[in-house]
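Only one structure is covered here, and it is reproduced in the block below.
Note that ligands are numbered from 1 as they come in the structure, with each ligand's atoms numbered from 1 the same way. None of these values were measured; they are calculated from a predicted model.
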Amino acid sequence: HTPLMGYSVSSSSAVSAHSVASVIVAVVEGRGLARGEVGMASIDLKNPEMILSQFADNTTYAKVITKLKILTPLEIIMSNTACDAGNTTKLFSLVTEHFKNVTFTTVQRKYFNETKGLEYIEQLCASEFSTIFMEVQSKYYCLAAAAALLKYVEFIQNAVYAPKSLKVRFQGSEKTAMIDSSSAQNLELVINNRDTRNGHTLLGVLNYTKTPGGSRRLRSNILEPPVDAETINTRLDCVQELLQDEELFFGLQAVISKFLDTEQLLSVLVQIPKQDTVKTAESKITNLIYLKHTLELVEPLKAALRSCNTQLLKAYYSSLEDTRFGIILEKITSVINDDTRYTKGCLSMRTQKCYAVKPNINEFLDIARRTYTEIVDDIAGMITQLAEKYSLPMKTSFSSARGFFIQMNADCSILPNGQLPSEFTKITKMKNTYSFTSADLIKMNERCQESLREIYHMTYLIVCKLLNEIYEHIHCLYKLSDIVSMLDMLLSFAHACTLSDYVRPEFTDTLAIKQGWHPILEKIAMEKPVSNNTYLTEGNNFVIITGPNMSGKSTYLKQIALCQIMAQIGSYVPAEYCSFRIAEQIFTRIGMDDDIETNASTFMKEMKEITYIIQNANDKSLIIIDELGRGTSAEEGIGICYAACEYLLNLKAFTLFATHFLELCHIDALYPNVENYHFEVQHVRSSTGNKEKIAYSYTLSKGYTEEKNYGLKAAEVSSLPSSIILDAKEITNHIAEQILHRQKSTPEMMEQRAAYQLAMRLVQTARNSRLDPGSLRVYLKALKKKYEASCPTARKNDKQQ
Ligand SMILES: Nc1ncnc2c1ncn2[C@@H]1O[C@H](COP(=O)(O)OP(=O)(O)OP(=O)(O)O)[C@@H](O)[C@H]1O
C-alpha cells in the first residue's frame, strides 16, 4: 500500500480493458449480517452523472458482475478490508477474477463513509435531481460507495465538481430486464465472439446513431432492456411516427447529427480544475465554444419537432421550451463573437479560440491578438519570400504538434543537387511532400505560442467569469443531452427498419412470432435468412427442439432472444407479426468451446450455467438452452437434461430447449405444457454418384425429428476417411442393439438410474464448486421426493439417493 496524498492506494494490473473506458466504480459490501448487500457508485469521467445502486445479491454475485460488465469500468475501487492480509472476500475475488484487465484500487474502509456520502450528494447534486435524497437516504452502502468514489475522482482528476452541478441517479435493478454477462456474450449483443471489431452484433445491427451519447444509450439499453410496457410502447409510438413521417425523420436526423458529445461537454464544464494551466485554460475555451454550438442547435431541434404528434416527442418539444437555453446563450453571446463556432481542423479551431471573445472587452487581449495576427502574417510573408528566393513551391502549413511549418509538394529533381537548401531543418518526406522548418520559423513559432498563451490566459479569465454566471442554469443541459441521446437511439431504430422489413411488436401474455428471422445473420449474409414461427403461452411454455447438426437450432434459439430484446428496447422486430410477454430476465445456455481462460471443463461450465439459471429464473423469464449434458456420458447427459427440464417445467417461464437427446422428446407425454418441434432436412442423391447429401431447409415443424444417426451422416460429408466411417456405423448399430435390449428389459430402471446418477453428480458438483448449498439442497430434496415416489425400492436400498 503506497500512501498517496493521505490516501492509501494499492493498484494491481494497470491496463485498461478498453481504450474508451472512462467509468470509475466503487463497490462495497455489507459486513456480518449485511453480507450480500452491495452498494455501488459509478461515474463516467466523460459524463457528469453519478449512478448509485444498492441491491441484495446471492453468493454468486451475479447482479454485481452483470452490472459491472455493463458499465465496462476503467477502474474499480474497493475497500482494503475486502482483501485484508491475504484474506479476500468472495466478492473481491469474483470481481478481480472477472475483470482481469481492469485497474483495481483498494482504499481504506474509512473512505466508504455513508455520512460523508450524503454530504457530498447534498453539496454536489443539481437541484433538479434532489429527489435522490429520498431514494438513497437510508441506502448506506451506495452512499458509502459514493463517498469513496468522489474522493477518489477528486484525487486522480485534480479537480472538483462544481457545487450543485452533478446529476445523481439511483438505479435499482428493478426496472430493467436482467441479462447475465455470459448470455450477453452468447447472444453477441455488443461483442462478436470471433471478431470483436466486425460489428456482427445486435448493437451492430441497430446502431445508426450519430452521436456518442446515442450510441452509448443504445448499448446500455441492449444490455439492460426496460421491462415497463408503457415506456416501451411510448418509444414504439415514436419510432412509428418517425417511420411514417419522412420529413420529421430526415429533419431530426440532420439536427441530431450536428450534436457533439453533450455528456462529455457537461462533464468538463462542471469540473473546476484545482490548478490553472495553459491546457486547462485552452480546454475551457474550447468547451465554451462547444457549449455555444450545442445551444445554437436547440432552436433547430425544436423546429424539427414542431409538427410531431406522439407523446414522447411532444414532451421533448416542451422540455426544449425551457427558457434557460436562451438565457445561457444570451450570456454567452454577450461576450463571445456571434460567428465563433465549432469547426474541424486544429488551425481553424485555434483561430476560433483566439478570437472567441468579442473586441473591446479587454484591451490587453485585443493588443495580444493584434500581435498574434502580425506574427502569423509575418510567418506567411517569410515563407512567401523564401519560396521566391529559392523558386520552390513552398506553402505555409500548420499542425498542432509542429506549429507552423513549411510544406512543399515537389519532385526531388527540381531541388538543386536533389537537396533542400541548408537553412532548412527537421526535414521529413512523405512520397513527394516535404515538410520542414527553419531557425527563423522556429523562433517565430515560439513568439506565436507566447502571444497565444497570453491570449488564452486572458480569454480564460473572461470565460471563467462567464461560466460562473452560467452554472446556475446549466442543468437544462442534462435534459438536452438526455433528449439528444434518446432521439438519436429512436432515429437509429427507425433507420434500421428502413433497411429491412421489421414489424412493430405487441406486448401480451403470449410469445408469438410469425415468420421471424435472425437479424445478425441477415446482416452477415446480406440476404434474408429463412424465417420461422414461434408460439409459447402459459399453458404451452416449454418447447423442445431437435434436428440434425447444422439444421439451424442454435440460430433459431438466439433469434428468439434477440427479437425479445429488440422489442423490449422499443425497436421494431424482424418478423411479419410478433407479440411478446415482457421478460424480466433472459437466460441462455449455449454450447460453446471450453473456456480456456478459466480452465473450466465443458461439463463444469455447463453445470455452473444451469445452476445459475435454476437459482435465478422466475415465472417471467425467457430461458434458452442449447444443448445440455454434452460434457459427460450420454446416459448421464440425458439424466441431467431430464431433471433440469422437470425443474424448469414447474415454472411459468418460457423455455426453449434444443437437444440431440431424442429420448427427451417423450417428456411431452408427462407434461401437457411441452411441445416438440424439429428442424427438417432433406436427403438428396447427387446426380453423378449414389452418395447422399443433406439439404438444409432451416424450417421448423411440429413433432420431433425422425432423423437417425445424423452425426454419422454429417461425418460422411466431412473429410473423415471412409474406412473410419464404416467402422463407426458398425459400432453404432451394435450399441443401438444393446441399448434396445436393455430398454426392453427395464425401462423404468433406466430412467431411475439416470436420475440417481444425476443426483450423485450434482452432489459432487456442489462439493467441488462454490455453489450456493441452500438452493441446491432444496432442489435435491425435490428431486429426491420425486424419485422416492416413483421408486420405493431405491429408498430402502440407498440412503444417499
Ligand atoms: N434460418 C436460417 N436461414 C439461413 N441460414 C441458416 C438459418 N439457420 C441456420 N442457418 C445456417 O446454418 C448454419 C448452422 O446453423 P446452426 O448452428 O443454428 O445449427 P445447429 O442445428 O445448431 O447445429 P449443431 O447441432 O451442430 O449445433 C448457420 O451457421 C447458418 O449459416
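With respect to Lys67 and Glu224, a salt bridge is recorded, a charged nitrogen being found less than 4.0 Å from a carboxylate O.
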Show every donor-acceptor pair shorter than 3.5 Å between a side-chain atom in residues 510-517 and any protein atom, with sequence neighbours excluded, or say none if there are none.
unit_1, atom_1, unit_2, atom_2, d
Gln515, OE1, Ser531, OG, 2.7
Gln515, NE2, Asn533, OD1, 3.3
Trp517, NE1, Glu522, OE1, 2.9

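Two rings, from Tyr698 and Phe679, have their centers 6.0 Å or more apart.
Judged by the 6.0 Å distance and 45° axis criteria, Arg235 is not positioned over the aromatic ring of Phe493.
Not counting sequence neighbours, the partners of Glu675 by the salt bridge (Lys or Arg N to Asp or Glu O under 4.0 Å) test are Lys702. In this view, His495 and Tyr208 satisfy the ring pair (Phe, Tyr, Trp, His ring centres under 6.0 Å) rule, not counting sequence neighbours.
Ordered by chain and residue number, the residues placing a heavy atom less than 4.0 Å from ligand 1 are Leu521, Pro529, Val530, Pro548, Asn549, Met550, Ser551, Gly552, Lys553, Ser554, Thr555, Glu627, His660, Tyr698.
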